[in-house]
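Following: one structure in structure tokens, then a few remarks.
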Amino acid sequence: MRLSKVSIKNYRSITEALDVRIEPLQALVGENNSGKSNILRAIRCFLSAGAGGVEVGDFKNSAENVLIECEFSALTPVEKKRLRPYLFGERVLVRKELRIVTDERSQKVTVKPEYHGYQAEPKETRYSIKKIEGTATRPNWKKAAEDAGLAESALTADGKITKKSFTDALEKYLSENDVEYDEPTLGETQALGIPQNLLSALPRFYLLPAITDYSSEIDRRSSSTVFRQLMADLSERLLETDPRYKEIEEALQKVRALLNPQPGEGATPRLEALGNVETELRDLARRLMPSVNGISLAVEIDPPKDMFSKGIAIKIDDGVLTDVLDKGHGMQRTLVFALLQMLMKAGKHEGTEGNASPILLAIEEPELYIHPHCQRLIYGVLKQFAGLQADDTFSEMDQVIYTTHSPAFVDIAGYERIGVVRKADVTTGTVIKQCAPGVLGDPAERKAFKLLTSFDLRHNEVFFAREAILTEGPEDAIGLIATARKLGRIKELPEEIGLSIVVTDGKGEIPKFQKVLNAFGLSYGVLLELDGKAEDHKQNAPVLEHLNGNRVAKMPGTIEDLLGLKKHFDDVRHAKEFFSNPNNIPVGMEEVTTALLPPV
């Protein structure tokens, strides 16, 4: 089971319903304060008990409910069978509504959550408790069990058939047999009777926040952090496989018995000293408060899982053996990613036949504190965690959703796994733009695009810019930058004005980039060298056809023709030497650059 879509409304910066398609490996990019983290927090709220951390101040409009609806797909055969009544086609749809309530007596204001889900009833009345109750005021449960062929399995220990015994027998029958169901409908009542087995089947959610003091994730006093939760997961999967694990349980049981009184004959006697402490403490307290009849001490002993997650101290030897809290933030965060790799090797879940829920890992800015040369390695860990294969398919049910400001954590060739988040103003709120895999529908075209963008990260920068300019070669980009400097539009680099110049490595590659940028609604300009050919020539026409209303500057020949040069630039160095002198830049180049730069 994977989360495939989330719809959010009236939550923090999200005003109207925001529909976000969630891929197994999903990146959210956008400027600071655009609402990327609010999407992660809404998912955390949905997959958490109670209000999930949502407070009154998180309501965009306090007069309306916060709505978070999640769609889960890619169900395994076991999950389909287990969750058959809740399937909407091949999906499970569940909504969480949160509303502000005020207690009439105390006037205390709180946030109250409710789950609602799509649930289907069996077509045949004899298999539906709801339909049976709808046909009679006081149903005869014995007859109902007989009609369903479940009279024997619905018998209680005293030979009777009650509503509960029939319901239990019916649920077991429906989970083991294929029956036809009606179309599912969204329940309006609290939780629609959604049973625990549905909620427990949903992914386990871990959020690794973008914090400035990362040591709080590692600190032993922080028992609820992602790091500690992952440590607990590892303890379950690693410790319990050791043949001597029972020795730990037996030792802990003996410790519990020595520290706490145990009922029954033959139990291990408690330490006499503790009994003496209770007696003396009772006598002293009784002098001050005669009504005290007794005092008992209970010593809690954590199970191995909790001991491993809360009690472990980690030291790292990087030349000096010290506690991890004494290391830098980069070392601390690297340790968490190493832990993720261990979790993968240990087996993140038990497979399609197991009952363990998949993991949904959310990370804010995974590039934080990580050296630039290590960022791509960390991105590889995230891809591996999500099971991304070379053919762009996924082999795991676990997912990663993350926000990022680094080109090292996205692939333009995997554009369907990127969501561009924007917030134009407070009234409009957060919006997101995504595109489906079919933008480059031709497999050969997609393969060529992936090859083109697989050797460096410069093409990925376009998702982090407000505007882009597409050029054929690096010499064109150098000329545009030099001319923009001469015009005073920039001092050094285009990033100063939120502009990314993308070198597509050939005119034939420009339309591929245009298709992707068009799908995301990103604004751009194209420097088109017609090379002395007509606009409808087979090389020029596709570029003009895919402009989608964006800017274009057409040169009749080449950039060298415009500059008055008799031959092409020898190489990038030659172009840099030429454009380093502003006097070499003619008016024509200034006009072309002005036409391509974003409007002032």
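Note: hydrogens, waters and symmetry copies are ignored here, and every other heavy atom, side chains too, is used.
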Practice problem: Tell me whether the guanidinium CZ or amine NZ of Arg446 lies under 6.0 angstrom from the six-membered ring centre of Tyr415 and within 45° of its axis. | Solution: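 Checked: cation-pi criterion met.
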Quiz item: Out of curiosity, Ile8 CD1 to Thr430 OG1, how far, rounded to the nearest 0.5 Å?
Solution: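 Answer for the CD1-OG1 pair, Ile8 versus Thr430, is 9.0 Å.
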Practice problem: State, yes or no, whether a side-chain contact exists between Val111 and Arg99 at a heavy-atom distance under 4.5 Å. | Solution: no
Quiz prompt | Student check: side-chain heavy atoms of Glu496 and Arg489 closer than 4.5 Å | solution = no
Practice problem: For the pair Asn65 and Lys9, evaluate side chain to side chain donor-acceptor pair (under 3.5 Å) and give the outcome as yes or no after the intermediate values. | Solution: CA-CA 8 Å; Asn65 291 352; Lys9 184 177 181 180; over 6 Å; no
Practice problem: May I ask you to say whether Asp392 pairs ionically with Lys450, meaning some side-chain N is under 4.0 Å from a carboxylate O? | Solution: yes
Quiz item: Which heavy atom in Glu364 sits nearest to a heavy atom in Leu207, and how many Å separate them?
Solution: CG-CD1, 4.5 Å
Practice problem: Please name all residues satisfying side-chain hydrogen bond (donor to acceptor under 3.5 Å, both in side chains) with Glu445, sequence neighbours left out, ordered by chain then number. | Solution: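 If we apply the side-chain hydrogen bond (donor to acceptor under 3.5 Å, both in side chains) test to Glu445, skipping adjacent residues, the hits are Lys515.
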Quiz item: Does Ser13 offer a backbone N or O that forms a donor-acceptor pair with the side chain of Lys423 under 3.5 Å?
Solution: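 Not confirmed, Lys423 side chain does not pair with Ser13 backbone.
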Quiz item: Are the side chain of Asn584 and the backbone N or O of Phe578 linked by a donor-acceptor pair below 3.5 Å?
Solution: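 Yes; at least one donor-acceptor contact below 3.5 Å.
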Exercise. Using side-chain contact (heavy atoms from CB on, under 4.5 Å) as the criterion, list what pairs up with Val29, not counting sequence neighbours.
Key: Thr404, Val410, Ile418, Val420, Phe463, Phe464
Self-check item: Member of Arg21, Arg2, Arg91, Arg95 meeting the salt bridge (charged side-chain N to carboxylate O under 4.0 Å, His left out) criterion with Glu71
Solution: Arg91
